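Have a look at the structure below before the remarks.
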There are 2 protein chains.
Amino acid sequence: MTYGIGMVLNGGLVFASDSRTNAGLDHVSTFCKMTVVETPGQGVIVMLNSGNLATTQQVVSRIKQHAVDADKPLTAHASIFTVAELVGRELRKTILTTTNEAPEQGDVDFTATFLVGGQVKGEVPRLFMVYPQGNFIESTVDTPFFQIGESKYGKPILDRVIQPNISMTQAIKCALVSFDSTIKSNLSVGLPIDVAMIKTNDLQVTKRHRIDSEDIYFRDLRSSWSQGLRQVFGQLPDPDWLK
Amino acid sequence: MTYGIGMVLNGGLVFASDSRTNAGLDHVSTFCKMTVVETPGQGVIVMLNSGNLATTQQVVSRIKQHAVDADKPLTAHASIFTVAELVGRELRKTILTTTNEAPEQGDVDFTATFLVGGQVKGEVPRLFMVYPQGNFIESTVDTPFFQIGESKYGKPILDRVIQPNISMTQAIKCALVSFDSTIKSNLSVGLPIDVAMIKTNDLQVTKRHRIDSEDIYFRDLRSSWSQGLRQVFGQLPDPDWLK
């Protein structure tokens with residue numbers, strides 16, 4: 001499985017994704033699931049993917065090839081919306097082609113989901129979730145984050161904390177806590193975690209960081225969070241009906 | 001959907017389940033998903049169910065009828081293991097019969113899952129998870145809790161807190177926090193919550209309580225937890241790579 005988060009906040013965009021790919025528990029590999037395309041001053045686009053690895057790699061390659069063929073970078077699109085459209089078309093096409101060419105593999109899931117976000121010059125930062133069917137939805141102030149992959153374990157803390165007006169630092173910390181919960185409860189999501197932060201109008205990745213198992217900050221964060229939770233839990237009132 | 005938790009601890013058994021049943025969002029009803037059979041001094045059995053409501057109601061009715069036919073209560077079984085076997089057999093039979101009798105309903109999911117736990121005289125408290133296939137697994141000291149239904153949102157806190165040696169009060173509070181996270185993130189799980197606690201060797205339900213939307217304690221617990229989480233979150237260190 002995979003776990004990926006994208007957020008669009010007043011301050012800009014935050015992305016985080018894990019790197020574990022598995023086809024059964026004895027076939028676990030590390031693949032970066034975050035693709036960044038940037039032309040500083042012109043625009044920056046981040047894609048996170050979950051689902052069938054062959055499908056997602058093919059889609060990413062095709063989109064890159066598309067830019068080469070058209071002889072203009074992906075960031076030259078006038079809107080992130082048209083990039084999401086492009087991803088949707090390629091995704092749908094790849095899934096259909098693979099499924100039709102291998103009808104005997106009826107029980108293999110070739111589907112995938114993408115988060116596509118970023119900012120191009122002249123437009124505000126935007127974030128889309130692209131479904132295997134090729135259609136997509138856009139993040140709004142009411143729904144400032146999207147998740148892909150193994151999303152349920154880490155959703156409660158995002159629901160509590162993420163609002164458009166929180167700081168980028170708070171948002172990144174919240175994403176990491178969400179990853180902590182997911183990693184604790186699900187073996188198939190694992191380190192390293194790729195984090196990217198894009199401040200509004202920077203038109204390039206402001207900060208990119210990879211958190212691996214040696215990362216001292218993430219270890220501190222996990223233990224502070226765990227201790228804090230236990231402390232809060234220990235202070236909860238007892239039910240009167242148990243007295 | 002449904003959410004249900006069963007735990008077997010040193011002090012005894014704890015069960016909690018929600019009461020929301022839905023077939024689409026406009027067809028939401030309240031049904032108790034906790035069935036208690038007790039013969040004080042002889043034994044007590046608790047069943048929680050998730051899945052197709054027609055299936056689970058049929059299984060519960062059949063098991064009760066089984067006891068009437070055999071002219072001995074369910075608690076007269078020498079072991080909770082044989083009760084789990086009985087539930088597995090009836091569950092498998094019900095699903096097969098319904099599916100075979102309505103082949104045109106191929107896209108309807110008639111499956112269900114049960115938690116079966118309790119204590120009969122002469123045996124320790126035991127807890128089983130019975131699958132739609134009719135087979136089952138038993139809870140151990142390494143895995144002191146089982147969840148059914150919409151289990152992922154509320155799993156992280158259980159993973160952190162539930163150990164066989166925690167008190168029954170702590171266990172019940174943890175179950176309620178787990179419900180809080182689930183209710184916050186998933187519309188299809190809702191109040192009231194049924195809670196049952198069975199102390200080891202009590203051979204009857206020690207405490208049973210229903211938490212509805214008017215429950216002041218649960219409201220306090222939710223707000224204390226929420227405030228506490230925010231406070232802990234606010235005190236987390238900032239990443240050095242963001243400074």
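Each chain gets a letter, A, B and so on, in the order the sequences are listed, and its residues count up from 1. Not measured: the values here are computed from a predicted model.
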Top contributor to chain A interface from [options] [non-hydrogen pairs under 4.5 Å]:
{"options": "B/Pro239, B/Ser181, B/Gly228, B/Ser224", "answer": "B/Pro239"}
{"options": "B/Leu158, B/Asp238, B/Leu176, B/Leu242", "answer": "B/Asp238"}
{"options": "B/Val161, B/Asp220, B/Asp215", "answer": "B/Val161"}

Hey, is the main chain of [Y] close enough, under 3.5 Å, to the side chain of [X] for a donor-acceptor pair?
{"X": "A/Lys173", "Y": "B/Leu236", "result": "yes"}
{"X": "B/Arg230", "Y": "A/Arg160", "result": "yes"}
{"X": "A/Tyr153", "Y": "B/Gly154", "result": "no"}

Is there side-chain contact between [X] and [Y], with at least one heavy-atom pair below 4.5 Å?
{"X": "B/Lys152", "Y": "A/Glu150", "answer": "yes"}
{"X": "A/Val195", "Y": "B/Trp241", "answer": "yes"}
{"X": "B/Pro156", "Y": "A/Asp180", "answer": "no"}
{"X": "B/Leu229", "Y": "A/Phe233", "answer": "no"}
{"X": "A/Gln227", "Y": "B/Val232", "answer": "no"}

Check your understanding: Are a donor atom and an acceptor atom from the side chains of B/Asp159 and A/Ser185 found within less than 3.5 Å of each other?
Key ->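 Result is yes, a qualifying pair exists.
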Which answer fits [X], side chain, backbone, both or neither, if we ask what part of it has an atom under 4.5 Å from a heavy atom of chain A?
{"X": "B/Thr182", "answer": "neither"}
{"X": "B/Ile172", "answer": "side chain"}
{"X": "B/Lys155", "answer": "both"}
{"X": "B/Ile211", "answer": "side chain"}

Point to revise | Inter-residue atom distance A/Asp240.CG - B/His209.NE2, 0.5 Å rounding | key: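 Those atoms lie 7.0 Å apart.
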**Study point:** Best-contacting candidate, A/Met168, A/Gln231, A/Gln170, against chain B by heavy atom pairs under 4.5 angstrom
**Key:**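 Most heavy-atom pairs within the cutoff with chain B belong to A/Gln170.
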Practice item. List the atom of B/Pro237, the atom of A/Leu221, and the distance in Å for their closest heavy-atom pair. Key: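 For B/Pro237 and A/Leu221, the tightest heavy-atom pair comes out as O-CD1, 4.3 Å.
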Check your understanding: Relative to chain B, which segment of A/Ser226 carries a heavy atom at a distance below 4.5 Å: side chain, backbone, both, or neither?
Key ->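 For A/Ser226, backbone and side chain are both near chain B.
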